2 protein chains.
Amino acid sequence: MQFSKSTDYALHALIHLGQSEHPNNIGIKELSATLGVSESYLSKIMSKLRQDGIVRAVPGVNGGYELARPAEQITFLDVIQVIEGRQQLFECSNSNSRQHLLLAEEGTVRDQKRQGKCECLVAKVMNGAEQHLHQYLRERTIQSVLDEAFKRCDYEADKK
Amino acid sequence: MQFSKSTDYALHALIHLGQSEHPNNIGIKELSATLGVSESYLSKIMSKLRQDGIVRAVPGVNGGYELARPAEQITFLDVIQVIEGRQQLFECSNSNSRQHLLLAEEGTVRDQKRQGKCECLVAKVMNGAEQHLHQYLRERTIQSVLDEAFKRCDYEADKK
DNA sequence: TTATTGTGGATATCGTAGGTCCATTTTAAT
DNA sequence: ATTAAAATGGACCTACGATATCCACAATAA
Ligand code: SF4
Ligand code: SF4
């Protein structure tokens, strides 16, 4: 149960894009050099981010990547879901077991069949956990990290 | 980013142990039949739970497993950590990159070296998320699921 | 003493994370 | 229009962990 390295890379890449003052785009070379990740691999990740509308990409001379929307509208949850996929944290694997009958919500058996969803007591706890996690990650954006970094920078400057 | 099937099995096994009225222990055969999981595999999982003091096991005739402590003292977090391990949700993979210098806490560089910990801005967000998740999972116990199941049972009985 | 039950090591399979390479396509600059 | 720079996507590779099985052995209560 860990976030993949790709998520790590994606977050750092987006932070770099967000902090950049350049008017022009940022190429994979610069990103690769900054993060210390191979161009080949990083480009796969950037490609995913583009497909999901997190960044824009332009090929050709002086091309590169830029954020597709303001950094304050790119949440950690967005990034994580693009890279890790959107499967649930917990997916029941044996809803046909004997035990299931005791824990599943009898009253909504028909709803389960209709929607393919499972609202048993175990899943309820786990899905609740997932919702909490998502809520937290929805409140953190690329911009919020940048803001904190700038704040800290100012503080360091003041000391001198 | 998903919990493993083993975690699923472990939770269900513990719920079965907790709900059982039997004075004697419950063998792997019964657990296997109830959950619909092979004896071989399930015994591995039970073994882990035993090593971490969640259940007690006794071999021999009429042996089996029982909870090592009351069900209200076995949290979801306990179970998950035993099965999934205790690695962090997020572990930085390139703290030597150029970018790291901008985000890491300059003022505590020496602390980082001493403790081997990383308190940068990205990790701060992710570790915060993990703490939230853990807090939620600490508040749910095997007993709390059983209680809800009983409550629902009574409700169903009332309707009849 | 013995039948029963859990333990742990060896082994197998399979999917996926992590990564590389290259041919192709797209674009801006000239 | 040409060309060089840059992103794209497919093929391919490797290592590792999740899932699972089997069996010899240890422990225990009847
Ligand atoms: S009780 Fe819930 S988690 Fe357990 S088998 Fe049924 S649906 Fe799955
Ligand atoms: S900023 Fe944090 S997450 Fe990023 S490389 Fe440095 S320590 Fe790792």
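In what follows, every chain begins at residue 1, and chains take the letters A, B, ... in the order their sequences are listed. Bear in mind the structure is a predicted one, so any value in this text is a computation, not a measurement.
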Nearest-Å distance for atom pair CD/P, residues Q87(B) and dA18(D): 8 Å
Kindly give the atom pairs (protein nitrogen or oxygen, nucleotide nitrogen or oxygen) under 3.5 Å for nucleotides 21-25 of chain D.
| residue | atom | partner | partner atom | Å |
| --- | --- | --- | --- | --- |
| dT21(D) | OP2 | S38(B) | OG | 2.4 |

Nearest heavy-atom neighbours spanning E91(B) and D8(A): O-OD2, 4.0 Å
Any side-chain donor near an acceptor of the partner, T75(A) and D78(A), under 3.5 Å: yes
Closest nucleotide among dG6(C), dT19(D), dA3(C) to the V61(B) side chain: dA3(C)
E84(B) CD - dG17(D) P separation (whole Å): 14 Å
dG17(D) OP1/OP2 closer than 4.0 Å to side-chain N/O of S4(B): no
Gap between atoms CG and C1', on L49(A) and dG9(D) respectively (whole Å): 16 Å
N/O donor-acceptor pair under 3.5 Å between S43(B) side chain and E39(B) backbone: yes
Atom-pair distance (CG on N25(B); P on dA29(D)), nearest Å: 10 Å
Phosphate OP1/OP2 of dT8(D) contacted by R50(A) side-chain N/O (<4.0 Å): yes
Nucleotide nearest S47(B) when distance is taken to its side chain, options dG8(C), dG6(C), dA7(D): dG8(C)
Cation-pi, Y136(B) ring and R140(B) (6.0 angstrom, 45 degrees): yes
Length of the CZ-P vector between R56(A) and dT27(C), whole Å: 14 Å
Toward the 5' end of DNA chain D, by each residue's nearest nucleotide, Y65(A) or M1(A): Y65(A)
I26(B) CD1 - dT5(C) C1' separation (whole Å): 15 Å
Side chain to side chain contact (heavy atoms under 4.5 Å, CB included) partner of L14(A), chosen from V145(A), T141(A), V79(A): V79(A)
Taking every non-hydrogen atom, the tightest pair across R98(B) and A33(A): NH2-CB, 3.7 Å
Closest to side chain of Y9(B), choosing from dA4(D), dA20(D), dA3(C): dA20(D)
Between S4(A) and E84(A): side-chain donor-acceptor atoms closer than 3.5 Å: yes
Whole-Å gap separating P (dA17(C)) and CG (L42(A)): 17 Å
Candidate nucleotides dA3(C), dT27(C), dG6(C), ranked by approach to the side chain of V58(A) - the nearest: dT27(C)
Integer-rounded Å distance: dA30(D) C1' and N62(B) CG: 8 Å
Non-hydrogen atoms of L146(A) and Q19(A) that approach each other most closely: CD2-CB, 3.7 Å
Closest-nucleotide ordering on DNA chain C, the 5'-leading residue of T7(A) and G60(A): T7(A)
Any Q51(B) side-chain nitrogen or oxygen under 4.0 Å from OP1 or OP2 of dG8(C): yes
P59(B), nearest nucleotide to its side chain (from dG8(C), dT5(C), dA29(C)): dT5(C)
